[in-house]
Amino acid sequence: MVKRRVPVPLVDPFARRVKDLRISITDRCNFRCSYCMPEEGMQWLARSDLLSYEELARVARVCVEEYGFDAIRLTGGEPLVRAHVVRLVELLAPLGVDVAMTTNGVKLPEVAHDLARAGLTRVNISLDSLRRETFFALTRRDELDRVLAGIDAALDAGLVPVKINAVVMRGINDDEVVDLAAFGRDRGVGMRFIEFMPLDADDAWSHDKVVPAREILDRIHAVFPLREAPVAGSGHTQPAERFEYADGRGDVGVIASVTEPFCGNCDRVRITAEGKFRTCLFAIDEFDLRAVLRAGAGLEADDLDERLAAEIARAVGTKWAGHRIGQADFVRPDRSMSQIGG
Ligand code: SAM
Ligand code: SF4
């Protein structure tokens with residue numbers, strides 16, 4: 001196939017340019033966060049169902065070269081439980097775009113430096129509580145200390161800016177919002193508070209468990225005054241609405257997916273660990289890129305890039321205006337967050 005010299009922007013039916021690819025590399029995880037996975041009984045994908053690193057890298061290359069995607073994020077499940085993940089970063093780094101990762105951080109003390117050397121640019125680390133009991137209640141694992149060590153390892157490895165994701169749940173950790181903000185200020189990491197979304201495997205989500213982003217900001221502002229941050233210069237739509245501390249000690253963001261959805265500016269698409277292409281976290285329709293990748297001569301097929309590009313464009317042509325959480329016609333996807341890739 002003759003390569004296009006200049007990527008053609010991929011635009012969805014609502015005139016949004018799509019340029020951010022989230023890649024789930026595994027459905028497995030070493031945590032069992034209550035807002036994501038069931039305590040037990042999860043059915044795992046077979047090894048042969050997962051896209052290989054070469055297959056994932058091929059999809060990423062088509063997105064970058066054909067459509068000018070400029071950001072890739074590795075996620076899961078827990079991306080660091082898949083073997084040899086450094087190798088995947090090595091395959092993606094030559095694409096020359098931002099390659100980031102979202103992780104629970106437990107394995108970062110072992111691999112942060114190798115990931116940085118391989119070309120990972122930065123990480124988001126999940127940390128919902130600084131209290132051991134609450135951390136355990138949320139993640140069902142007693143690993144707070146290792147996650148804190150993982151944050152230090154990421155900073156030490158230069159995977160910056162390190163951002164910390166905290167899902168806030170009413171009655172569980174909402175009383176820790178200010179403590180987490182103080183932690184972010186002290187450690188020089190940007191806290192990102194996320195509203196609880198209806199993607200938990202236990203199907204226990206309800207509106208009254210969501211702590212609205214405004215309330216989170218008000219609580220922080222009362223202790224550490226905030227001002228609106230200038231728009232970040234990456235050209236990327238940030239789901240997090242960002243604020244700076246008035247005293248100059250860093251920033252904080254809120255991801256108000258439920259109470260103030262940012263769908264109007266969404267530039268993301270996702271691929272699940274088994275190669276299903278999704279145009280929204282809440283999408284019902286999926287497009288089977290694994291079937292495209294494995295048809296005929298597989299990765300050796302001459303027309304593979306063309307076929308992948310066409311299927312991705314077809315999928316993006318179905319991207320909807322936005323999710324319908326809270327609306328009468330909202331339909332929950334039959335996958336949970338760890339099966340989609342957050
Ligand atoms: N295992 C990694 C981690 O936890 O960071 C990456 C995958 S996880 C699915 C990605 C992000 O989704 C995490 O920050 C997690 O807290 C968030 N998340 C999971 N379930 C969620 C839910 N129901 N609502 C909001 N955020 C959720
Ligand atoms: Fe695992 Fe991340 Fe889901 Fe927690 S949120 S269970 S760490 S995939």
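Order of appearance sets the numbers: ligands from 1, and atoms from 1 within every ligand. All values reported here derive from a predicted model rather than from experimental measurement.
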Examine [X] against ligand 1 and note whether any of their N/O atoms are separated by less than 3.5 Å.
{"X": "Gly342", "value": "no"}
{"X": "Thr75", "value": "no"}
{"X": "Asn165", "value": "yes"}
{"X": "Pro79", "value": "no"}
{"X": "Ser126", "value": "yes"}

Going by heavy atoms, is Met37 under 4.0 Å from ligand 2?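 Judged by the 4.0 Å heavy-atom criterion, Met37 does count as contacting ligand 2.
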
Could you check whether any heavy atom of Ser126 sits closer than 4.0 Å to an atom of ligand 2, since that is the contact criterion I want to use? no

Name the closest protein heavy atom to [atom], giving the residue it belongs to and the distance to 0.1 Å.
{"atom": "atom 9 (C) of ligand 1", "result": "Met337 CG, 3.4 Å"}
{"atom": "atom 2 (C) of ligand 1", "result": "Glu78 OE1, 3.4 Å"}
{"atom": "atom 26 (N) of ligand 1", "result": "Val167 CG2, 3.5 Å"}

How does Thr103 reach ligand 1, by side chain, by backbone, by both or by neither, if only non-hydrogen atoms under 4.0 Å count? backbone

Ser24: heavy atom below 4.0 Å from ligand 1, yes or no?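 Outside the 4.0 Å threshold, so no.
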
Leu299 and Leu56: same hydrophobic cluster, using ILVMFWY side-chain contacts below 4.5 Å? yes

